[in-house]
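Scroll down for the structure; my scribbles are underneath it.
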Amino acid sequence: MTEQVSDGRARAARRVVLIDALPVVTLGWVALALGSNPEQTPAQRIWWVAATAVFALGMAWVLLRAFRRADEYLRKIQLESMAVALAAVLVALQVAAVLDAAGVVALHQVAQPIVIGGMAVWHVIADLRTRFTR
């Protein structure tokens, strides 16, 4: 009985994070689209920076809510998943910086997809760990 309650809690926590994060991730894709034009007007840059700032603040809000709602076990899983995702993002950003220095790719074009990909890695790892370890 207790196992069913904890599984239901974990499922509800995953669902709430997904529901909270969906509009924020959509805003991330909008910010990515706004920043994809290499020759932007000043107004387009302002919109791009504003969308990116709101995206970053929105993700901080989603993370704060997720941590406040989670019990100790789910917090541990979330922190470990975030650590793996952070490592992946740092490695990807380092590779992108080297490619930018070599003139292969522009760093500002790949920075946002790397961050969004890191969030996806975090969510997938956290979801799989909560499904298979309880």
Side-chain angles (χ1 to χ4, degrees):
M1 178 71 178
T2 310
E3 190 172 312
Q4 288 176 341
V5 170
S6 64
D7 284 345
R9 244 190 220 150
R11 192 174 309 119
R14 285 193 309 266
R15 193 174 309 125
V16 166
V17 169
L18 179 65
I19 290 169
D20 282 350
L22 194 59
V24 177
V25 171
T26 304
L27 180 61
W29 287 110
V30 168
L32 180 63
L34 289 173
S36 65
N37 184 6
E39 298 158 4
Q40 295 178 337
T41 65
Q44 289 173 328
R45 282 193 185 149
I46 290 171
W47 279 107
W48 176 43
V49 169
T52 303
V54 171
F55 166 70
L57 292 173
M59 278 316 300
W61 177 73
V62 168
L63 291 173
L64 181 65
R65 285 179 57 127
F67 281 125
R68 284 188 177 169
R69 290 177 179 159
D71 61 0
E72 289 178 24
Y73 179 71
L74 289 175
R75 285 181 186 174
K76 178 181 179 277
I77 286 176
Q78 288 175 350
L79 285 174
E80 289 172 356
S81 302
M82 286 175 70
V84 171
L86 175 66
V89 166
L90 289 176
V91 169
L93 284 174
Q94 182 64 35
V95 169
V98 169
L99 291 175
D100 182 47
V104 176
V105 74
L107 181 60
H108 77 278
Q109 295 288 10
V110 295
Q112 283 182 319
I114 289 172
V115 172
I116 292 170
M119 291 175 3
V121 166
W122 166 53
H123 281 293
V124 167
I125 291 172
D127 187 52
L128 291 176
R129 290 224 27 225
T130 44
R131 286 178 193 261
F132 296 124
T133 57
R134 280 208 173 184

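Positions are given from 1 along the sequence.
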Besides I46, the hydrophobic cluster formed by Ile, Leu, Val, Met, Phe, Trp and Tyr side chains linked at under 4.5 Å, directly or via other members, contains none
Tracing side-chain contacts under 4.5 Å among Ile, Leu, Val, Met, Phe, Trp and Tyr outward from L57 reaches none
Which atom pairs, donor and acceptor, lie under 3.5 Å between side-chain atoms of residues 25-35 and protein residues at least two apart or in another chain?
| residue | atom | partner | partner atom | Å |
| --- | --- | --- | --- | --- |
| T26 | OG1 | L22 | O | 2.8 |

Students should find that the hydrophobic cluster of V49, defined by side-chain heavy atoms under 4.5 Å apart, otherwise consists of none
Under a side-chain separation threshold of 4.5 Å, the hydrophobic residues clustered together with V84 are V121, I125
One should read off an interatomic distance between M82 CE and R75 CZ, to the nearest 0.5 angstrom, of 13.0 Å
**Asked** Given the rule that I, L, V, M, F, W and Y join up when any side-chain heavy atoms are under 4.5 Å apart, are V110 and W48 in one cluster?
**Response** no
Sorted by chain and number, sequence neighbours left out, side chain to side chain contact (heavy atoms under 4.5 Å, CB included) with L99 holds for V95, V104, V105
Sequence neighbours excluded, the answer for side chain to side chain contact (heavy atoms under 4.5 Å, CB included) partners of V89 is L93, I114
With sequence neighbours left out, the residues meeting side chain to side chain donor-acceptor pair (under 3.5 Å) with T52 are Q112
Closest heavy-atom pair, Q78 versus W122, reported as atoms and distance to 0.1 Å, is O-NE1, 3.4 Å
So do M59 and F55 actually touch side chain to side chain, heavy atoms under 4.5 Å?
yes
Those residues at least two apart in sequence (or on a different chain) that pass side chain to side chain contact (heavy atoms under 4.5 Å, CB included) with R45 are Q40
For A106, the side chain to side chain contact (heavy atoms under 4.5 Å, CB included) test, sequence neighbours excluded, returns H108, Q109
Residues passing the side chain to side chain donor-acceptor pair (under 3.5 Å) test with E80, sequence neighbours excluded, are K76, R129
